[in-house]
Every structure is written in structure tokens, then in C-alpha cells.
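Down below is the structure, laid out as C-alpha cells.
Note: hydrogens, waters and symmetry copies are ignored here, and every other heavy atom, side chains too, is used. Along the sequence shown, residues are numbered consecutively beginning with 1.
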Amino acid sequence: MAKLIDSRLVWLPKGDLWSGSEAGAIKIWPWESIEKSLCLTVEERHRAALVVERSYIDLRSQVNINGVCNMFTSDVRYMLSDHSGAKVWSAGYLSFALWDAHTRELLKVFNIDGQLENISSIQDSSMEDEVKMKFVSISKKERPQNAFSFFQRSRNAIIGAADAVRRVAVKGAFGDDNRRTEALITTIDGNVWTGCSNGLLVQWDGNGNRLQELQHLFISVQCLSTFGSRIWVGYVSGTVQVLDLNGNVLGGWMAHSSPVIDMTVGAGYMFTLANHGGIRGWNVTSPGPLDGILRSELAVKDFLYTRIENIKILAGTWNVGQGRASHDSLISWLGSAAADVGFVVVGLQEVEMGAGFLAMSAAKETVRYFQSLLFIYFSLPC
């Protein structure tokens, strides 16, 4: 049984529950079965879970042709229902699949550039019809059908392998990992927005056609949310931006000191969740006229909640590539200048000269060593 990837569930307006998991697996629990389990009597409720569990529809069996499953095999990371066009979106990091919510038919598979993917569901219908008509008058059909099935499976395998090689080549040449999808939402105008790891925001129509791409910040998008005619974007830096439905920036601010990993609306506020566990609420009308009123009021009363102090800071740099600093050299470097300062700030140079792992290890080691020297110098407990 495939492990369910967290939060890859979507309720459809008709009541069906869709779930996505590893290797592109998608299962549907029809509303009829869910409703039936909810209507069981008290004596029969012990069977409710069993009734629902056995009622699922595996879409792999729905899109099998000649024994070949033509679903894309990327892990399902995101799912949404557009609520208006009766379509369901399932997405991996670099590809999307569009489904008909009523017929559960796979409509198309496309990549992050909006180009159709070569999946094995793309059949040469004219060839298939021609082969079937050719053997319709033959009494013993097992051998021709088996031959056709083998031919079709071989053809699909070759197409799939060629497409995999193409994707790997494109990934190596253009760095698709830097453009992988990190968030997916649908807005009230029926369009769909995706956020990428390089900061790119892409707008799609309900049929999976790429409309436009925008980039306001060159840092990774971590989450998207929407309320009314506004789109909220959370970045890895802790910044939050608010856009209109055309992607124009209405405002932005530093919401947290760590990545904003999720957002949700409640009681007139947009709540943001940071990677360190912090949660903050922002008025859904921000930015707006109310912000200016609050800002002016806070500015008038700033003496009630602020305190001004003068603090001396000694800043210096140390070239890591030149080796370790000794205790004596540290004393001669800082000397009497550090006697009456509040903070000592040291910047490291040339940390990036070696391999990434070695450089980071060396930097951490030298920072610890430098801290120990500073603690000794200032007689602070280590």
C-alpha cells in the first residue's frame, strides 16, 4: 500500500473525495458510499469504515489501455478542484494532470512550461482501428490480438522511455529543479496559480493553458492562499506579498523570521504559519486605508512602547582561508577597542572557496573556535 502524502486530499462539490499519493496513484471515494456509511444505524456503524474503505475507485484501472497504465508516475504533491469547470488538478513538482470530475477521465498531462507530455495514453487511434478491422473476419483472433497488444505495449514503452530521456536532458540543461512547483491554488475568477522554487508565479486558465508568469522576488515561494480578489504569497525568507487577480503587487512585508510554510483564512484574518511554529494573523483587508490610520496612531504613541538606547558595535572581518587566529592575535586585533562595546560582530571571508560541505564544516568549526576565543577574552562563561 502506497504511503499517503500529507494533505493531498480534495473534496469535490458533488461530494466525492479524491486522494493522491506516491507514484501518481489517485483514488476516489464516491459520495454515495460515504453517504451510505453516514446513514447506517447505531447497530451497523461498526461497518461504516469498512463500507467506505472498499468503495474506492483506483484511477489506474480507469486509464489502462492494452494492459498499460497511461497515468504519469510523479508523486502527487498537490490537488485541487476548480469548483466551476468540474475539473480536478493533480500535480507533482514538474508536471500536472487535469481530470474530468464527472467522468473521471484523464484530460491531459502537461509540464511546468505548459507543454503536453508524451504519455502512453496518446494512442494512434487510426492505427488501432485499422488493425482491428483487418482481423475482424478471422475466426481465431487470439494470436493477432496478442500481437497487436505486444506491439502497442512496446510502442508505448519506447515513447515513455524517450520522454523520460528528454525530461532528464531538459532538467540537466535548464535546471528544472529550480522551477519546481511549491504551491497551487485556484482563485475566484476560475484561474489557477502556481508558485515555484525560484520565485516564479504562473497563472493558468481552467483548461491548463499557461496565461502568464511573474517574478516579484527571486526567492522560493513556499505557499499560496486566496481570499476574495486577493492572492497571498508566502516566501522562504518570511516575506508575505499580497497581489490582485492580475498578479500586481498590492503590498508586502516581513511577516516572520523564518519561512512562511502555510496560510489560511479565518474570522477576518489571514493566519500565517512559520517554519519555527509561530503563527500570526493579518487583517484580510491589508494593505488598505486602515493600515495608514493605524500607522499614524502608532507613530503618535510610540513613546509608550519604544525605548531608545545607544549601543556601540565593533565589526570586523576574518579571512578563513588564511588559517586560524591565535589567542594573542585576537587580543592584538581587538585590543582596547573592544573594552567599552556592547557587541562584537565578526564576518568570515572566503568560506565558499572549497567544496560546499567542507566549506560549511570549516566555517562552523572556525566560528566555534572564534567564539571560544571571544569568551575567553571577555571572561564570559562558555
What is the ring orientation for W29 with Y56, classed by angle as parallel under 30°, tilted 30 to 60°, or perpendicular over 60°? tilted
Consider only side-chain N and O atoms of E35 and S37, and report whether a donor and an acceptor are under 3.5 Å apart. no
Tell me, with the steps shown, if T239 and L217 meet side-chain contact (heavy atoms from CB on, under 4.5 Å). CA-CA 10 Å; T239 300; L217 295 177; 4.1 Å; yes
Validation row: T186, W89 side chains within 4.5 angstrom (heavy atoms): no
Look only at the side chain of H276 and the backbone of G278, and say whether a donor-acceptor pair between them is shorter than 3.5 Å. yes
Does any N or O in the side chain of N275 come within less than 3.5 Å of the main-chain N or O of P259, such that one atom is a donor and the other an acceptor? no
Could you tell me whether W18 and Y78 have their ring centroids closer than 6.0 angstrom? no
Looking at V260 and Q222, what are the two nearest heavy atoms and their distance? O-CB, 2.9 Å
K14 vs H102 side-chain heavy atoms within contact, under 4.5 Å: yes
Give, for atom CD1 of I57 and atom CZ of R104, the distance between the pair rounded to the nearest 0.5 Å. 3.5 Å
Below 4.0 angstrom, N of the basic side chain to O of the carboxylate: do D244 and R230 qualify? no
Step through the shown structure and confirm whether more than 12 heavy atoms of other residues, nucleotides or ligands are within 6.0 Å of NZ on K312. no
Between W204 and T194, is there a side-chain donor-acceptor contact under 3.5 Å, judged purely by atom types and distance? yes
For D205, enumerate each residue passing the side chain to side chain contact (heavy atoms under 4.5 Å, CB included) test, keeping only those at least two apart in sequence or located in another chain. N191, N207, N209, L211
Indicate whether the side chain of W99 and that of S90 have a donor and an acceptor atom separated by less than 3.5 Å. yes
Could you tell me if the side chain of V249 sits less than 4.5 Å from the side chain of V242, heavy atoms only? no
Correct closest heavy-atom pair for V88 and A101 would be CG2-CB, 4.1 Å
What I want to check is whether the side chains of Q241 and Y235 have a donor and an acceptor closer together than 3.5 Å. yes
Show your working on side-chain contact (heavy atoms from CB on, under 4.5 Å) between K87 and L107 and close with a plain yes or no. CA-CA 9 Å; K87 293 183 179 67; L107 301 177; 3.9 Å; yes
Got a donor-acceptor contact below 3.5 angstrom from the R180 side chain to the C196 backbone? no
Take atom OH of Y269 as the centre, draw a 6.0 Å sphere, and report whether it contains more than 12 heavy atoms from other residues, nucleotides or ligands. no
Consider side-chain contact (heavy atoms from CB on, under 4.5 Å). Of L214, V221, L184, which one does W193 pass it with? L214
Does a side chain donor of either T272 or W282 reach within less than 3.5 Å of an acceptor in the other side chain? yes
Tell me if the CZ atom of F227 is crowded by more than 12 foreign heavy atoms within 6.0 Å. no
So, do H216 and L243 sit near enough that their side-chain heavy atoms are less than 4.5 Å apart? yes
Would you say CZ of F343 has more than 12 non-hydrogen atoms from neighbouring residues, nucleotides or ligands within 6.0 angstrom? no
Taking C-beta and beyond as the side chain, do W232 and V265 meet within less than 4.5 Å on heavy atoms? no
